[in-house]
K.L.:
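Below is one structure. I have some questions about it.
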2 protein chains.
Amino acid sequence: MHKLYLMTRSEENYIKTIFHLGRKGTQEVATNAIAELMETKPSSVTDMIKKLSEKNLVNYKRYQGVSLTSLGTKTALGIIRKHRLWEVFLVEKLDFSWDEVHEVAEQLEHIKSDKLIDSLDRLLAFPKFDPHGDPIPDKNGGFKERDRDLLSEVPINTVGVCVGVKDSSATFLKFLDKNGIALGNQIRVKEREEFDGSLNIEIDGRNLQISHVIAANLYIKTNDEI
Amino acid sequence: MHKLYLMTRSEENYIKTIFHLGRKGTQEVATNAIAELMETKPSSVTDMIKKLSEKNLVNYKRYQGVSLTSLGTKTALGIIRKHRLWEVFLVEKLDFSWDEVHEVAEQLEHIKSDKLIDSLDRLLAFPKFDPHGDPIPDKNGGFKERDRDLLSEVPINTVGVCVGVKDSSATFLKFLDKNGIALGNQIRVKEREEFDGSLNIEIDGRNLQISHVIAANLYIKTNDEI
DNA sequence: ACAAATTTTTAGATTTGCCTAAAATTTAAT
DNA sequence: ATTAAATTTTAGGCAAATCTAAAAATTTGT
């Protein structure tokens with residue numbers, strides 16, 4: 001039950017990775033996929049999966065991939081809660097930019113103290129989203145995905161607010177900074193170029209031309225939904 | 001030079017322990033002393049000392065004890081700076097009590113990010129002392145011990161302000177809380193019982209009888225010094 | 001369906017940090 | 001000054017987490 005507190009850093013990182021991969025496809029997560037994302041070898045993944053399986057954190061049958069148990073999911077949500085709360089802290093209280101927070105939050109997310117994280121939550125006034133627009137699970141692991149659409153998939157003339165990024169790599173985030181794109185910006189899709197899928201948008205008054213790749217990594221919340 | 005960033009958690013803990021033991025006696029630090037404080041075995045200490053020695057963090061000759069090099073000292077001060085800044089953060093921003101901060105700070109002190117710690121320093125308005133009255137090294141490792149005396153050693157009728165504790169165990173700190181003793185309290189030594197060394201003091205207006213052991217773990221800053 | 005390609009697992013090593021037990025060295029005592 | 005006691009180091013092992021290379025199972029292609 002409270003084994004959560006006995007987990008090693010490595011175990012926590014595996015659980016987190018399996019959670020993220022499990023979100024995307026609804027399938028079981030492949031050993032190779034975990035290895036690739038964690039920059040380790042498949043054989044190492046197999047070893048760890050066996051260990052996690054014995055701790056009842058994952059469901060595992062040889063050669064059949066892996067999925068989180070409810071205990072594993074709860075654990076993952078706890079780690080993600082910590083990661084995202086620390087990201088908010090770094091941006092709001094320590095003036096980090098959104099491309100600088102991930103690396104440090106990767107370390108901070110492993111600090112063990114319920115009191116610490118709940119106090120941090122309170123200090124930050126219980127934020128619901130992190131600096132990249134991703135939802136922050138509450139104390140019990142509950143969280144709501146925000147209604148949002150990829151900019152690349154909304155019809156022409158859609159109006160909305162930029163509420164998140166799909167890719168939160170430093171490279172992409174710095175690009176957005178350079179082009180004055182930030183969460184909270186008002187966006188209108190003016191034109192879509194059929195040839196390459198690039199978009200002509202109006203963002204906070206300015207006009208901007210963005211490629212399909214960029215648009216496919218920006219989330220907006222539209223106004224015209226019920 | 002920048003090997004500081006390649007240190008493991010365990011290496012950092014040894015360096016910190018050697019620093020603390022080195023402060024007390026001016027001697028070389030004994031293997032057994034390190035083992036006892038870290039709750040490990042002398043043989044493990046020897047192993048680690050060899051490793052630290054190869055990294056130029058400690059001076060070591062077999063059977064002759066160990067001392068920090070200047071690089072080792074710098075490293076230790078960096079860790080202590082982080083530890084104490086995090087303690088201030090926990091008390092000032094997250095409403096931890098002074099007996100709760102140590103355990104969590106032991107974890108936080110190993111987070112690696114210069115930007116993080118310097119921003120934290122700024123957020124806290126560059127504090128000079130931690131919640132137990134211990135000095136916080138600055139960015140370059142410089143710090144000044146405050147002029148202070150153990151309450152057990154000042155003459156009768158000395159007046160001063162409580163500025164620190166020698167023992168900062170949770171047990172002692174909770175005892176102080178229970179008896180309404182805190183940093184900043186105004187203290188006057190009224191009487192010293194020869195038989196057992198206990199003291200009769202006036203603290204923020206109240207009268208209090210404290211044992212020698214308690215007095216020997218409380219620092220005051222007196223007014224009558226040059 | 002069956003061979004080829006891919007994925008996954010096993011087997012055997014390595015590194016880090018720790019352990020126990022025994023040997024080496026230093027310190028203390030008579 | 002020797003012996004006894006304490007300290008410290010060495011030797012050999014163990015568990016965690018990783019790796020390489022090889023074997024096993026699954027999936028794919030025709």
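Naming convention: chains lettered A, B, ... in sequence-line order (proteins, then strands); numbering from 1 in each chain. Since the model is a prediction, treat every value here as computed from it, not as a measurement.
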K.L.:
Does A:Y14 place a side-chain N or O at less than 4.0 Å from the phosphate oxygens OP1/OP2 of D:dT18?
P.N.:
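True: A:Y14 side-chain N/O within range (under 4.0 Å) of D:dT18 OP1/OP2.
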K.L.:
Just to confirm, is there a sub-4.0 Å distance from OP1 or OP2 of D:dA21 to any side-chain nitrogen or oxygen of A:K41?
P.N.:
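So the side-chain polar atoms of A:K41 never come under 4.0 Å of the phosphate oxygens OP1 or OP2 of D:dA21.
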K.L.:
Please report, rounded to the nearest Å, how far the C1' atom of D:dT18 is from the CD1 atom of A:I34.
P.N.:
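Atom CD1 in A:I34 sits about 16 Å away from atom C1' in D:dT18.
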K.L.:
Looking at the side chain of A:T40, which of D:dT18, C:dT10, C:dC18 is the nearest nucleotide?
P.N.:
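Nearest to the side-chain atoms of A:T40, counting from C-beta on, is D:dT18.
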K.L.:
Nearest to the side chain of B:Y63, heavy atoms from C-beta on, is which of C:dA24, D:dT18, D:dT26?
P.N.:
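In terms of side-chain proximity for B:Y63, the closest of C:dA24, D:dT18, D:dT26 is C:dA24.
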K.L.:
Is the phosphate of C:dT6 approached by A:N32 (side-chain N or O, under 4.0 Å from OP1 or OP2)?
P.N.:
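For C:dT6, OP1/OP2 do not have a side-chain N/O of A:N32 under 4.0 Å.
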K.L.:
Side chain of A:R62, heavy atoms from C-beta onward: which of C:dT9, D:dT10, D:dT8 has the nearest atom to it?
P.N.:
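Ranking C:dT9, D:dT10, D:dT8 by closest atom to the A:R62 side chain puts C:dT9 first.
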K.L.:
CD of B:E36 versus C1' of D:dA6: gap in Å, rounded?
P.N.:
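In whole Å, D:dA6 C1' lies 14 Å from B:E36 CD.
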K.L.:
Is there a side-chain contact between A:R9 and the phosphate of D:dA16, meaning an N or O under 4.0 Å from OP1 or OP2?
P.N.:
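So the side-chain polar atoms of A:R9 never come under 4.0 Å of the phosphate oxygens OP1 or OP2 of D:dA16.
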K.L.:
Decide side chain to side chain contact (heavy atoms under 4.5 Å, CB included) for A:R84 and A:E109; before the verdict, give the C-alpha distance in whole Å, the side-chain angles of both, and the deciding distance to 0.1 Å.
P.N.:
CA-CA 8 Å; A:R84 292 181 180 166; A:E109 72 188 2; over 6 Å; no
K.L.:
Nearest to the side chain of B:K50, heavy atoms from C-beta on, is which of D:dC19, D:dT10, D:dT9?
P.N.:
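Output: D:dT10.
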K.L.:
Could you check how far CD of A:Q64 sits from C1' of D:dA25, rounded to whole Å?
P.N.:
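Going from CD in A:Q64 over to C1' in D:dA25 covers 9 Å.
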K.L.:
Of the candidate nucleotides D:dT18, C:dC19, D:dT10, which contains the atom at the shortest distance from the side chain of A:S10?
P.N.:
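Of D:dT18, C:dC19, D:dT10, D:dT18 is nearest to the side chain of A:S10.
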K.L.:
Under 3.5 Å, is there an N or O donor on one side and an acceptor on the other linking the side chain of A:S43 and the base of D:dT18?
P.N.:
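No, no donor-acceptor pair under 3.5 Å.
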K.L.:
Mark yes or no for whether A:K93, through its side chain, and B:L123, through its backbone, hold a donor-acceptor pair below 3.5 Å.
P.N.:
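Side chain of A:K93 to backbone of B:L123, a donor-acceptor pair under 3.5 Å: no, none is there.
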K.L.:
Which pair of non-hydrogen atoms, one from A:D130 and one from A:L183, has the smallest distance, and what is that distance?
P.N.:
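In this case the closest contact between A:D130 and A:L183 is O-CD1, 4.5 Å.
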K.L.:
Between D:dT7 and B:T31, is there an OP1 or OP2 to side-chain N/O distance shorter than 4.0 Å?
P.N.:
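The answer is no; no side-chain N or O of B:T31 sits under 4.0 Å from OP1 or OP2.
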K.L.:
Is any side-chain nitrogen or oxygen of A:T46 closer than 4.0 Å to OP1 or OP2 of C:dT9?
P.N.:
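True: A:T46 side-chain N/O within range (under 4.0 Å) of C:dT9 OP1/OP2.
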K.L.:
Between C:dT26 atom P and B:K61 atom NZ, what is the distance in whole Å?
P.N.:
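Those two atoms, NZ and P, are 12 Å apart.
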K.L.:
Nearest whole Å is fine: how far is C:dT16 P from B:L6 CG?
P.N.:
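Rounded to the whole Å, the gap is 13 Å.
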K.L.:
Taking the six-membered ring of B:F96, is NZ or CZ of A:K115 closer than 6.0 Å to its centre and within 45° of its axis?
P.N.:
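Flagged: A:K115 positioned over aromatic ring of B:F96.
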K.L.:
To check you understand the geometry: which heavy-atom pair defines the closest contact between B:S53 and B:Y60, and what is its length?
P.N.:
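Answer, listing the atom of B:S53 first, then B:Y60: OG-CB, 4.0 Å.
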K.L.:
In whole Å, I'd like the distance from the CE atom of B:M38 to the C1' atom of C:dC19.
P.N.:
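Between C1' of C:dC19 and CE of B:M38: 15 Å.
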